Asks: 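To start, I am sharing the structure in question, which I have written as structure tokens.
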Amino acid sequence: MQMNNHSMVTEIFLLGFQNLNNFKILIFSLILLIHILTIYGNVLVIVLVTISQNLHSPMFFFLQQLSLSDLLQSMVIVPILLRTVINEGAKISLIGCIVQLYIFAATESLQCLLLTVMSYDRYLAICNPLCYSSIMNHRFCVKLILMSWLLALNFTTVTVITAATQEFCNQNTINHFFCDYFPLLELSCSDTSLARILAITVSFPVILIPFILIIGSYICIAHEILKITSNIGRQKAFSTCSSHLAVVSIFYGSLIVTYVVPTRNQSQTIGKLLSLLYTVVTPFINPMIYSLRSTDMKNALGNIIKKKTFYQR
């Protein structure tokens, strides 16, 4: 898939997963099923938090935004992934590739910031419960959400513009199932050193600093929980943040393994499989983790089912 010498690229070919052979239909069906369940699960969380009075609390308000982010990411990544699986590759316009990169990067950045906000919420709830209600009021929560969205969109705009303004010529094939930042830069026939440095620089306030703040929050939370003398009290305190801790572990674990761990001896297929963790698996399991662990979420869903059954009668 090479263009003529010095011809400008207007279309990108995503290789996806090659040589699936007899497993093509099975893998396509599995990913499609996960995608449908992802949409259903995240839409359900968004709707439940919106209509249920019992879920009008800061933690569920943040969870609603996290589900929105997961939903956007899944809808922009998985349809292209399904095309690459069934056709052993997929074409996408250069503009479409840039748009996909922007939405993907924005949702990833937003999730980093939202998880940080949620860890601060858990820190206040456990370490400073008397001041929790006065600090975490609705107005402050809205400010935190707006700030997270603005920071994610602004940082993403800066990095994606540097990628979009590169000169793409000759090579137009990306050995991936979506338009990721560094694989796209590899197609550039101009100097990409500034774009790479900028991406690494932006990753500090968007990924590294939030991660450090989350770790700090949980160190304080763990210290506070250890002060509790009764086992029941400890379990109750830990249960309030266990869902968030599980989501943080999966999200940052997959990012670290994919981008931070040395990949010199790592094949491109393994890299793509690891990318599936945070683009397909994480948006799928996030609503499941919170739904299974949250009694309030189960009760809200149960009340809606009861009301629906009642009106049907």
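Any value given below was found using the heavy atoms of this structure, including those in side chains, with hydrogens, waters and symmetry copies removed. Computed from a predicted model, the values in this text were never measured in an experiment.
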Asks: Please step through side chain to side chain donor-acceptor pair (under 3.5 Å) for the pair Gln64 and Thr50, ending with a clear verdict.
Replies: CA-CA 8 Å; Gln64 185 185 49; Thr50 302; 2.7 Å; yes
Asks: Between Pro283 and Asn42, which heavy-atom pair has the shortest distance, and what is it?
Replies: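 Heavy-atom minimum between the residues: O-ND2, 3.1 Å.
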Asks: Looking at CG of Leu113 and CG of Leu66, how far apart are the two atoms once the value is rounded to the nearest 0.5 Å?
Replies: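 Reported to 0.5 Å precision, the distance equals 11.5 Å.
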Asks: Nearest heavy-atom pair of Leu144 and Met136: which atoms, and what distance?
Replies: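 Taking Leu144 first and Met136 second, the nearest heavy atoms are CD1-CE, 3.9 Å.
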Asks: Start with the C-alpha distance between Tyr132 and Asp121, add both sets of side-chain angles, then the distance that settles side chain to side chain donor-acceptor pair (under 3.5 Å), and finish with yes or no.
Replies: CA-CA 8 Å; Tyr132 178 79; Asp121 174 82; 2.6 Å; yes
Asks: Quick one: are Ile98 and Cys179 in side-chain contact, heavy atoms under 4.5 Å?
Replies: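 Of all side-chain heavy-atom pairs linking Cys179 with Ile98, none is under 4.5 Å.
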Asks: Rounded at 0.5 Å granularity, tell me how far CD1 in Ile215 sits from CD1 in Ile212.
Replies: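 Atom-to-atom, Ile215:CD1 and Ile212:CD1 are 8.5 Å apart.
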Asks: What closest approach, in Å, do Thr38 and Ser74 show between heavy atoms, and which atom pair accounts for it?
Replies: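 Closest pair (atom of Thr38, atom of Ser74, distance): CG2-OG, 3.7 Å.
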Asks: List the atom of Ile39, the atom of Leu71, and the distance in Å for their closest heavy-atom pair.
Replies: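 Between these two residues, the closest heavy atoms are CA-CD1, 3.8 Å.
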Asks: Show the numbers, then the answer: is there a ring pair (Phe, Tyr, Trp, His ring centres under 6.0 Å) between His244 and Tyr218?
Replies: CA-CA 11 Å; His244 177 258; Tyr218 273 101; 5.7 Å; yes
Asks: Check whether the ring centres of Phe178 and Phe104 lie less than 6.0 Å apart, and answer yes or no.
Replies: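 Yes - the distance between ring centres of Phe178 and Phe104 falls below the 6.0 Å cut-off.
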Asks: Specify whether His138 and Phe61 have parallel, tilted or perpendicular ring planes, treating 30° as the upper limit for parallel and 60° as the lower limit for perpendicular.
Replies: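 Plane angle between 30° and 60°, so tilted.
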Asks: Side chains of Phe251 and Cys112: does their closest heavy-atom pair fall under 4.5 Å?
Replies: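 Answer yes - side chains close enough.
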Asks: Is any side-chain heavy atom of Leu185 closer than 4.5 Å to a side-chain heavy atom of Tyr181?
Replies: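 They are in side-chain contact.
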Asks: Should Gln111 and Ser69 count as side-chain neighbours, where that means a heavy-atom distance under 4.5 Å?
Replies: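 In short, these two side chains touch, coming nearer than 4.5 Å.
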Asks: Go through it in stages, so that I can follow the logic: the residues are Ser193 and Asp191, the test is side chain to side chain donor-acceptor pair (under 3.5 Å), and I'd like the CA-CA distance, side-chain angles, deciding distance and then a yes or no.
Replies: CA-CA 6 Å; Ser193 56; Asp191 185 17; 3.0 Å; yes
Asks: Say whether Glu11 and Ser93, considering side chains only, have a donor N or O and an acceptor N or O under 3.5 Å apart.
Replies: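 Looking only at side-chain atoms, Ser93 and Glu11 do not form any donor-acceptor pair under 3.5 Å.
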Asks: To the nearest 0.5 Å, tell me how far Ile225 CD1 sits from Lys227 NZ.
Replies: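 Taking CD1 in Ile225 and NZ in Lys227, the distance rounds to 12.0 Å.
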Asks: Using a 3.5 Å distance criterion without hydrogens, assess whether the side chain of Thr156 forms a donor-acceptor pair with backbone atoms of Leu153.
Replies: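 Such a contact is absent between Thr156 side chain and Leu153 backbone.
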Asks: Is the side chain of Asn137 donor-acceptor paired with the backbone N or O of Arg139 at a distance under 3.5 Å, no angle test?
Replies: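 Present.
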Asks: Keeping the roles fixed (side chain from Ser52, backbone from Val49), state whether a donor-acceptor pair exists under 3.5 Å.
Replies: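 No, the answer is negative, given that no donor and acceptor are paired below the 3.5 Å cut-off.
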Asks: Kindly indicate whether the side chain of Cys127, heavy atoms from C-beta on, has any atom under 4.5 Å from the side chain of Ile221.
Replies: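 The answer is yes, as the side chains (C-beta and beyond) meet within the 4.5 Å cut-off.
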Asks: What is the distance from atom CE of Met288 to atom CG of Leu44, rounded to the nearest 0.5 Å?
Replies: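 Met288 atom CE to Leu44 atom CG measures 12.0 Å (nearest 0.5 Å).
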Asks: Taking the six-membered ring of Phe177 as reference, does the NZ or CZ atom of Lys272 fall below 6.0 Å from its centre and within a 45° cone about the axis?
Replies: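 No, Lys272 does not sit over the ring of Phe177.
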Asks: Heavy atoms, side chains only, cut-off 4.5 Å: are Cys241 and Ile126 in contact?
Replies: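 They are in contact (side-chain heavy atoms under 4.5 Å apart), so the answer is yes.
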Asks: Run the side chain to side chain donor-acceptor pair (under 3.5 Å) test on Gln73 and Thr107 for me, step by step, so that the C-alpha distance in whole Å, both residues' side-chain angles and the decisive distance to 0.1 Å come before the verdict.
Replies: CA-CA 6 Å; Gln73 185 178 107; Thr107 53; 3.2 Å; yes
Asks: State, to 0.1 Å, how close Ile80 and Ala90 come at their nearest heavy-atom pair, and which atoms those are.
Replies: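 Between these two residues, the closest heavy atoms are O-CB, 4.4 Å.
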Asks: Roughly how far, to the nearest 0.5 Å, is the CZ atom of Phe155 from the CD1 atom of Ile207?
Replies: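 Ile207 atom CD1 to Phe155 atom CZ measures 11.0 Å (nearest 0.5 Å).
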Asks: Of all the heavy-atom pairs spanning Gln18 and Gly89, show the shortest one and how long it is.
Replies: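 So the minimum-distance heavy-atom pair works out to NE2-N, 4.2 Å.
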